[in-house]
Structures are given as C-alpha cells and as structure tokens.
Student: 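Sharing a structure, written as structure tokens. Questions coming.
All values reported here derive from a predicted model rather than from experimental measurement. Protein chains get the first letters and strands the later ones, always in sequence-line order, with residue 1 at the start of each.
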2 protein chains.
Amino acid sequence: MSSPQTGAGDPRRSLELLWREGGAQEGRPGPKPRFTLDQVVATAIALADRSGVTALNMRAVADELGTGPMTLYRYVPGKAELVDLMVDRATEPSPEELAVTGETWREHLALLAEGTWDGYAAHPWLLELNQRRPVLGPGSLAGFDWALRAFEGHDIPGREQNLIITGVMSIVIGAARDHLIADSSDTPPPTTESEWWAAQEPYLIRASESGDYPRLAAVSNEEDAWSFQGREAMRFALDAFLDGVQARWSLDQ
Amino acid sequence: MSSPQTGAGDPRRSLELLWREGGAQEGRPGPKPRFTLDQVVATAIALADRSGVTALNMRAVADELGTGPMTLYRYVPGKAELVDLMVDRATEPSPEELAVTGETWREHLALLAEGTWDGYAAHPWLLELNQRRPVLGPGSLAGFDWALRAFEGHDIPGREQNLIITGVMSIVIGAARDHLIADSSDTPPPTTESEWWAAQEPYLIRASESGDYPRLAAVSNEEDAWSFQGREAMRFALDAFLDGVQARWSLDQ
DNA sequence: GGTATCCGAGTACGATGTACTCAGTTATAG
DNA sequence: CTATAACTGAGTACATCGTACTCGGATACC
C-alpha cells in the first residue's frame with residue numbers, strides 16, 4: 001500500500017546528484033566510502049525489477065548491499081531522491097540504442113516508441129511510480145536528444161518537435177500502463193491479468209444486460225472487440241498520430 | 001512519501017461495493033449505520049481535492065467525518081478499495097456531461113478529451129495515483145458508453161472504436177500528467193511549477209553548453225520552444241491523432 | 001422481554017522512512 | 001611519524017500510517 005513519488009524529492013538535491021559526474025572527491029580526510037552512488041542506484045533498480053515497487057524500501061536496498069538502512073543516507077538524502085536517480089538511470093538509452101537512427105523521421109519516432117515500450121517492459125516499476133514532473137538528468141536528456149534526431153534535415157520548429165515527441169511518449173505510456181503493468185510478482189493480492197478480467201466479467205455482463213450501457217453492450221457483442229495486445233494498441237494509436245503529423249507538415253516520410 | 005495504489009485492492013471486494021446500488025438492507029437487527037458508503041467516498045474525495053493524495057489517510061478521512069479511524073472499516077475493506085471507489089466516482093460523468101453530444105464523431109471525441117481534462121483539473125489527485133488496471137464501476141462504464149456515442153451511425157468495428165477512445169485517453173492523460181499535476185498544496189517540498197523549472201534551469205543550460213546534447217541545445221535556442229500550456233499540448237496531439245483516424249477510415253467528419 | 005446481530009470506538013501492533021548519536025578509520029598537516 | 005580533523009557505517013529510536021482485535025451498547029425480530 002505504500003509507494004514512492006517521483007519528483008517528490010527536493011529537485012535541487014536530486015539534480016545535484018544527477019549531474020555530479022561521479023566526482024570522486026580527492027584529498028579528503030576520512031575513510032573512502034564503501035559503495036558508490038551508482039552502486040546504490042543500480043542495486044535499487046535491480047531490486048525493483050525483481051520485486052516491484054512495493055518491495056522497494058530502504059531496509060531492503062540496504063540488505064541487498066549488506067549494510068544497515070541508515071548507511072544509504074550517506075549517499076542519497078532520502079528515498080524520493082533515490083527514486084529520482086533510479087528513474088533517470090533506467091530511462092537512459094543504452095549505447096546500442098544511441099547508435100541506431102531511423103531512416104526516416106517516421107521510422108525514428110517508431111523506434112523511439114518501441115524502445116520506450118521495451119524500457120517499460122524491462123522496468124515495469126517505472127509505470128507504478130507516481131511520476132510527477134520529470135527530473136531531468138543525463139539519462140532523460142540523452143534520450144530526448146536522441147529522439148530529436150528524427151527531425152534533422154527537416155524544417156520543423158522546435159516547439160512542434162517537442163510537441164510531437166511528447167505526443168509519442170503519451171501514447172506509449174498510456175498503452176504501457178493499460179497493458180504492461182506486471183503485477184509485481186509478490187505484491188498482494190497476486191492478481192494476474194486474466195484473474196483481473198475474470199473478476200470483472202460477471203459485472204460487465206450484468207451491466208451489458210441492464211440496458212444502461214447500450215453502446216457498450218453493442219460493442220461487447222462483437223467477437224474480437226477487446227482482443228488486442230498492448231503493443232498492437234500502441235502501434236495503432238502511434239500510426240494514426242504519425243499519419244496526422246505527416247499530413248500536417250506535408251512531411252516526405 | 002506514501003500513497004495508495006489504485007487497483008491494488010482486491011478487485012472482487014471493490015467491484016462488489018461499486019455495483020451494489022446502495023442496497024439499504026432492511027429488516028436486520030442492530031443499529032442503523034451512522035454513515036453511508038457514498039458519504040464516506042464523497043468525504044474522501046473532498047479531502048483529496050483539497051489536500052492532495054499524501055494527506056489522504058484513514059485517520060484524516062475519519063476525522064473529517066467526526067469518528068474514529070476504524071469506523072471506516074465498517075464501510076470499506078481497506079484503503080485500497082476506498083481509492084477504487086473514489087476513482088470511479090470521480091470519473092463518473094455528470095448528468096450535464098451525459099446530455100451533451102458532439103455534432104460529429106470528431107467533435108464528440110474532442111468533448112471527451114476536454115471533459116477528461118477538466119476532470120483531472122478538478123481532481124488532480126487522480127493523476128497522482130498509481131493507476132494500475134482500471135476497476136470498472138458504474139462511473140467508468142457510463143463515461144465509456146458516452147464516449148462510444150461518437151461512432152453512432154458510422155461503420156467502424158468495435159475493436160477500432162475501443163482503440164480510438166483509448167488513444168484519445170492516453171493523449172489526454174499524458175498531457176495532464178505533464179502539465180496539470182498540482183503539487184498538492186501541502187506536500188513538502190512545496191515546489192510550484194515555476195520553482196521546479198527554475199531549479200532545473202542552470203543544469204539545462206550547462207547541459208546545452210556542454211555539447212553533449214547538440215540537438216537539444218539547438219531546439220532550446222529557439223525562442224518559444226518550450227512555451228506551451230498543457231491544454232495546447234493536448235490539443236496538438238489530439239488533432240494530429242484525429243487527423244490520422246479520419247484519413248484512415250475516410251470518415252466524413 | 002429475550003436474543004441474535006450489528007455498530008462505533010478504543011487499543012495496539014507491524015511496516016516503513018528517517019533523525020540522532022557515536023565509535024572507529026583514515027588522509028592530511030606539521 | 002604523529003596528531004588532528006573529518007568522515008564513515010552502524011545502531012537506536014521515534015513518527016506516521018494501515019489495520020487486526022475486542023468489547024460495550026444499541027436495535028429489530030421472535
């Protein structure tokens with residue numbers, strides 16, 4: 001029942017941590033830290049990947065590192081800021097991803113969508129966070145900068161470039177939220193996707209038959225009305241959106 | 001640092017509560033309940049509207065009602081289920097909204113988008129929730145059924161109707177998340193939208209100047225690259241998406 | 001009126017984030 | 001080489017929040 005909120009951390013602290021390039025401070029008295037910030041963040045991400053967001057708490061991360069809960073506070077000001085760091089790190093495009101570029105603007109944006117989708121598939125806890133405003137770190141900026149490659153050589157105002165990329169991201173995140181939330185293995189109740197719909201079904205049938213939702217009933221009568229996978233839903237909306245974008249600027253692919 | 005997760009409640013319990021039409025049980029021994037489930041839910045919504053999701057806890061809701069925390073558990077099995085009820089109630093279209101219909105399918109979907117946007121503006125805590133799979137109650141179904149009116153008289157398969165509506169919702173929610181999250185008045189740190197960006201600015205400038213993000217730097221140089229309001233961003237993506245939908249089925253508006 | 005049932009409230013416990021403290025360690029100054 | 005100063009890691013403890021358990025009292029049916 002408890003989960004962190006991204007961006008709830010003091011943005012100043014999060015940004016400071018995000019942007020200080022692992023600056024190993026030299027020439028300081030005292031022992032060397034036993035861990036690095038990167039290690040802490042990586043451990044927390046691994047834990048979240050494995051056990052979901054509800055299992056992500058300071059004691060668990062500390063256990064994973066073989067230390068006490070309070071030791072973590074030597075590296076991050078609090079849990080909220082740790083989550084900010086996790087998000088930026090998990091959002092960072094890999095070198096392989098950075099190396100790829102779509103042949104056309106449209107193909108590039110499709111790659112952006114697919115890559116983002118894959119990212120959520122690998123780190124479903126990202127979807128479970130309360131993402132408020134994004135904390136912009138090196139990872140997110142690298143991703144955004146890569147996305148902007150789509151428009152190189154085209155004459156589109158920066159404002160519209162932003163709006164287009166934002167639109168793509170909204171579509172991907174929306175579809176991912178609907179279809180990709182893996183009920184983190186060990187959060188009770190362990191309701192799988194099928195159990196979920198099985199529980200709803202009797203009520204939906206009754207609702208259909210009640211006559212209160214005539215259009216819903218009509219649609220539900222069609223055989224495959226609800227039979228689409230997440231990636232499909234994402235592609236559908238994405239393609240329509242990009243069709244519209246293409247027409248709007250008479251873009252040559 | 002703590003917040004509820006929608007859909008984390010046992011769906012069976014939530015659904016049962018959602019669909020039992022305030023069935024006042026008659027002829028039972030024992031005193032009459034002091035409150036109704038509706039009252040509890042309405043109180044919780046009012047509290048969340050006023051103070052945000054972090055202030056929404058069982059003790060606070062109980063205080064609001066002038067009773068003890070445990071009394072609430074006579075009406076709901078737990079906080080998660082209460083939140084499910086709140087979501088469905090807050091999502092329910094008002095009678096006035098239900099009465100309106102767009103002249104064209106496109107206008108209807110635009111009304112859907114605007115109405116949803118307004119709903120998030122009125123209940124920003126909806127955006128702060130970890131919405132997992134939706135728990136379908138009378139409110140959500142009524143909203144969906146209303147949305148489906150867009151396609152009455154058109155020959156579009158139900159599956160595509162669903163996909164289109166889902167796409168619209170993704171776009172609205174994405175834009176709302178980016179622009180509408182009102183940092184709930186009293187959650188620390190009380191960072192407003194402008195403070196937020198002010199904190200990020202120096203890092204963004206340094207990032208731009210570092211040369212690591214050349215495309216981002218180019219875009220940021222344009223005067224109004226980031227100057228759009230949320231509703232604008234939503235309309236932009238929505239219009240492009242609907243353009244694409246329209247072309248795809250050669251829809252006559 | 002007896003009785004079965006249900007309501008409201010109080011007490012208390014477990015989980016979790018984190019403030020505070022202190023002993024031990026180690027890089028630098030002399 | 002030694003003294004010093006700062007910093008690290010760990011432990012203890014408290015506040016918050018969800019909620020299990022329990023019981024006295026009220027109420028409708030027989």
Student: If I take atom CG in residue Asp63(B) and atom C1' in nucleotide dC17(D), what distance separates them, rounded to the nearest angstrom?
Tutor: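 Roughly 13 Å, once rounded to whole Å.
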
Student: Please set out all donor-acceptor pairs under 3.5 angstrom arising from side-chain atoms of residues 56-65 of chain B, sequence neighbours excluded.
Tutor:
| residue | atom | partner | partner atom | Å |
| --- | --- | --- | --- | --- |
| Asn57(B) | OD1 | Arg59(B) | N | 3.2 |
| Asn57(B) | OD1 | Ala60(B) | N | 2.8 |
| Glu64(B) | OE2 | Arg50(B) | NH2 | 2.4 |

Student: In whole Å, I'd like the distance from the CG atom of Leu37(B) to the P atom of dC7(C).
Tutor: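 After rounding, the reported distance stands at 13 Å.
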
Student: Quick check: does any side chain N or O of Glu128(A) sit under 3.5 Å from a backbone N or O of Gly52(A), one acting as donor and the other as acceptor?
Tutor: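 No, Glu128(A) side chain to Gly52(A) backbone: no donor-acceptor pair under 3.5 Å.
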
Student: Starting from P on dC17(D), measure out to CG on Asn57(A) and report it in whole angstrom.
Tutor: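 Taking CG of Asn57(A) and P of dC17(D), I get 18 Å after rounding.
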
Student: Identify all pairs in which a protein N or O lies below 3.5 Å from an N or O of nucleotides 7-9 of chain D, and state each distance.
Tutor:
| residue | atom | partner | partner atom | Å |
| --- | --- | --- | --- | --- |
| dG9(D) | OP1 | Arg34(A) | N | 2.4 |
| dG9(D) | OP1 | Tyr75(A) | OH | 3.4 |
| dG9(D) | OP2 | Tyr75(A) | OH | 3.1 |
| dG9(D) | N7 | Arg74(A) | NE | 2.9 |
| dG9(D) | N7 | Arg74(A) | NH2 | 3.2 |
| dG9(D) | O6 | Arg74(A) | NH2 | 2.5 |

Student: When you measure from the side chain of Ser140(B) to the backbone of Leu136(B), do you find a donor-acceptor pair of N or O atoms at a distance under 3.5 Å?
Tutor: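 Checking the backbone N and O of Leu136(B) against the side chain of Ser140(B), no donor-acceptor pair under 3.5 Å is found.
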
Student: Output the rounded distance in Å from CG (Leu72(A)) to C1' (dA19(C)).
Tutor: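 After rounding, the reported distance stands at 15 Å.
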
Student: Here's a test of your reading of the structure: between Gly66(A) and Arg59(A), which maps to the more 5' nucleotide of DNA chain D?
Tutor: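 So the residue in question is Gly66(A).
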
Student: Between Asp118(A) and Arg231(A), does any NZ, NE, NH1 or NH2 come within less than 4.0 Å of an OD or OE carboxylate oxygen?
Tutor: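 Counted as a salt bridge, because a side-chain N and a carboxylate O are separated by less than 4.0 Å.
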
Student: Could you state the OH-P distance from Tyr73(B) to dT11(C), rounded to the nearest angstrom?
Tutor: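 Value for this atom pair: 18 Å.
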
Student: Nearest whole angstrom, please: distance from the P of dC17(D) to the CG of Leu47(B).
Tutor: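 Nearest whole value for this atom pair: 11 Å.
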
Student: Supply the atom-to-atom distance Asp178(B) CG to Ser170(A) OG, rounded to the nearest 0.5 angstrom.
Tutor: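 Rounded to the nearest 0.5 Å, the CG-OG separation comes to 6.0 Å.
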
Student: Among the nucleotides dG11(D), dG18(D), dA20(D), which one has an atom lying closest to any side-chain atom of Met70(B)?
Tutor: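 Looking only at heavy atoms from C-beta outward on Met70(B), the closest nucleotide is dA20(D).
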
Student: Mind checking whether Leu18(A) and Pro138(A) have side chains closer than 4.5 Å, heavy atoms only?
Tutor: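 Result yes, sub-4.5 Å side-chain heavy-atom pair found.
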
